[in-house]
Number of protein chains: 2
Amino acid sequence: MTDRKDFTIGWLARRTGCKVQTIRYYEQIGLMPEPPRSDGNRRLYGAEFADRLNFIRHSRDLGFSLGAIRELLSLAENPDQSCAAADKLARTHLQDVNSRIARLSALKTELERMSQQCSGGKISECLVIEVLADHSKCVSDEHQTA
Amino acid sequence: MTDRKDFTIGWLARRTGCKVQTIRYYEQIGLMPEPPRSDGNRRLYGAEFADRLNFIRHSRDLGFSLGAIRELLSLAENPDQSCAAADKLARTHLQDVNSRIARLSALKTELERMSQQCSGGKISECLVIEVLADHSKCVSDEHQTA
DNA sequence: CCTAATATCTACAGTAACTGTAGGAGCAAG
DNA sequence: CTTGCTCCTACAGTTACTGTAGATATTAGG
């Protein structure tokens, strides 16, 4: 236990693809726990820190806010209680996810169409700019993300 | 042709679904031009401002940065030149769009599965948390080992 | 062992893209 | 004319980082 393998913050950063400052920032805002320190005051991380950080990074990557991640983490830390709260969180997020997918798919279509038609052409033929200028040309339904 | 068709910033905000402060912010950073003012120093907007603001808002909504929008706007203002630059911008964005759609689709699957399985259950059965904790459980096409 | 390079430490400033607030002035209605 | 809304400027706060400065710690080389 005392001679358990501990690694530096740099190791954790390389391990998770997260920047060193970001790790310290997560610790500062209480999203990552304070790790033990070495004699020279360096943070000493084990594999469990990498797991938690991967959880956070993956969630961020998929569009969850730090606040939502904080909630998910607290739920994940008490796996015996009902997951009604997690379910509600997930349902709320699902609506946003669906909306984003729809709008991104519409944009994807236009971006691809442009790449075919636009090569060497003029901007007046670029559908992308028309699509971006005129909301009604968009294929998706109107949805406001706050 | 700018004689009697001028409206307040509030009108423009309602017209475009953009907050008043955000409009003033866009003016401040040079994304929206300075409109004429009334005797009482109020900004006076016409329809062309709504068009430009809709372009900006829609682009933002679809994930373009203000920097990219600034470029697109300058390109849109010179529609006679080649759109190679706009094409390059669009292609770059397309890669990101595709990546986001893939990851969001994977999350959507898990969120939906959770909503079915999770009702009244325990968190330990929630796949969402597992998916978010472990990248390799993600359904997306690329399997990454962390 | 000493030194130079690198990594880490704290603390704080800056970024993007807004959002909110304070305090004052304009204007339309009752 | 006063109430109440909108607008004005200016600036502080937010989220989620990212970068910088100056000091200390560790490590690789001579």
Side-chain angles (χ1 to χ4, degrees), chain A residues 5-46 49 52-73 93 96 100 132 144-146, chain B residues 6-46 49 52-73 93 96 100 132:
Chain A
K5 279 203 225 163
D6 289 320
F7 302 96
T8 65
I9 198 170
W11 167 85
L12 183 59
R14 283 186 297 276
R15 189 60 197 271
T16 59
C18 183
K19 298 201 171 177
V20 166
Q21 297 106 299
T22 306
I23 297 171
R24 288 198 281 245
Y25 168 71
Y26 287 160
E27 180 184 324
Q28 189 187 308
I29 63 170
L31 212 55
M32 289 291 288
E34 291 183 25
R37 300 284 185 125
S38 72
D39 290 348
N41 202 33
R42 270 81 206 278
R43 290 169 177 85
L44 295 176
Y45 294 101
F49 287 87
R52 190 182 177 98
L53 189 51
N54 276 328
F55 182 106
I56 295 169
R57 291 312 299 175
H58 198 183
S59 302
R60 283 294 299 137
D61 210 30
L62 289 168
F64 284 91
S65 71
L66 291 184
I69 293 169
R70 204 185 291 271
E71 291 182 63
L72 283 170
L73 275 168
H93 198 67
D96 184 53
R100 289 198 212 186
L132 292 176
Q144 181 93 341
T145 310
Chain B
D6 290 324
F7 303 95
T8 66
I9 197 170
W11 167 84
L12 184 59
R14 284 186 297 275
R15 193 51 201 275
T16 59
C18 183
K19 299 201 170 176
V20 166
Q21 297 107 298
T22 306
I23 297 172
R24 289 198 280 247
Y25 168 70
Y26 286 160
E27 181 184 325
Q28 189 188 307
I29 63 170
L31 211 55
M32 288 292 287
E34 290 183 26
R37 299 285 185 127
S38 74
D39 290 349
N41 202 32
R42 271 82 204 281
R43 290 170 178 84
L44 295 177
Y45 292 102
F49 286 89
R52 190 183 177 97
L53 188 50
N54 275 328
F55 182 105
I56 296 169
R57 290 313 301 173
H58 198 183
S59 301
R60 282 294 298 138
D61 211 29
L62 289 168
F64 283 90
S65 71
L66 291 185
I69 293 168
R70 205 184 291 270
E71 291 182 64
L72 282 170
L73 275 169
H93 199 66
D96 184 52
R100 288 200 218 183
L132 292 176

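Hydrogens, waters and symmetry mates are skipped; everything else that's a heavy atom, side chains included, is used.
The line from CG of Leu12(A) to CG of Asn54(A) is 8.5 Å long, rounded to the nearest 0.5 Å. The structure places CH2 of Trp11(A) at 8.5 Å from OG1 of Thr16(A), a figure rounded to the nearest 0.5 Å. Atom OG of residue Ser65(A) and atom CD of residue Glu71(A) lie 7.5 Å apart, to the nearest 0.5 angstrom. Atom CZ in Arg37(B) sits 13.0 Å away from atom CG in Asp6(B) (nearest 0.5 Å).
Nucleic acid contact for Ile29(A): none, since no nucleic acid atom lies under 4.0 Å from a heavy atom of the residue.
Along DNA chain D, the stretch of nucleotides lying under 4.0 Å from any heavy atom of chain A spans, 5' to 3', dA16(D) to dT26(D).
Between Arg43(A) and dT8(C) there is no side-chain N or O to OP1 or OP2 distance below 4.0 Å.
Side-chain contact check for Tyr45(B) versus Ile9(B): some heavy-atom pair is nearer than 4.5 Å. A 4.5 Å side-chain heavy-atom check between Leu73(B) and Ile56(B) finds at least one atom pair inside the cut-off.
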Can you give me every donor-acceptor pair (side chain of residues 22-34 of chain B, partner residue at least two apart or in another chain, under 3.5 Å) with its distance?
from, atom 1, to, atom 2, distance (Å)
Tyr26(B), OH, Arg57(B), NH1, 2.7
Glu27(B), OE1, Arg43(B), NE, 2.7

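Across all non-hydrogen atoms, the minimal contact from Val20(B) to Gly10(B) is CG2-CA, 4.3 Å.
The CG-P distance, from Asp6(A) to dT8(C), rounds to 14 Å in whole Å.
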Nucleotide N/O of nucleotides 21-30 of chain C paired with protein N/O under 3.5 Å:
from, atom 1, to, atom 2, distance (Å)
dG26(C), O4', Arg42(B), NH2, 3.4

Nucleotide N/O of nucleotides 13-18 of chain C paired with protein N/O under 3.5 Å:
from, atom 1, to, atom 2, distance (Å)
dA17(C), OP1, Leu66(B), N, 3.2
dA17(C), O3', Arg60(B), NH2, 3.4
dC18(C), OP1, Arg57(B), NH1, 3.2
dC18(C), OP2, Tyr26(B), OH, 2.8
dC18(C), OP2, Arg60(B), NE, 2.8

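Residues meeting the side-chain hydrogen bond (donor to acceptor under 3.5 Å, both in side chains) test with Arg42(B), sequence neighbours left out: none. Partners of Arg52(A) according to the salt bridge (Lys or Arg N to Asp or Glu O under 4.0 Å) rule, which considers only residues two or more places apart in sequence or in another chain, are Glu77(A).
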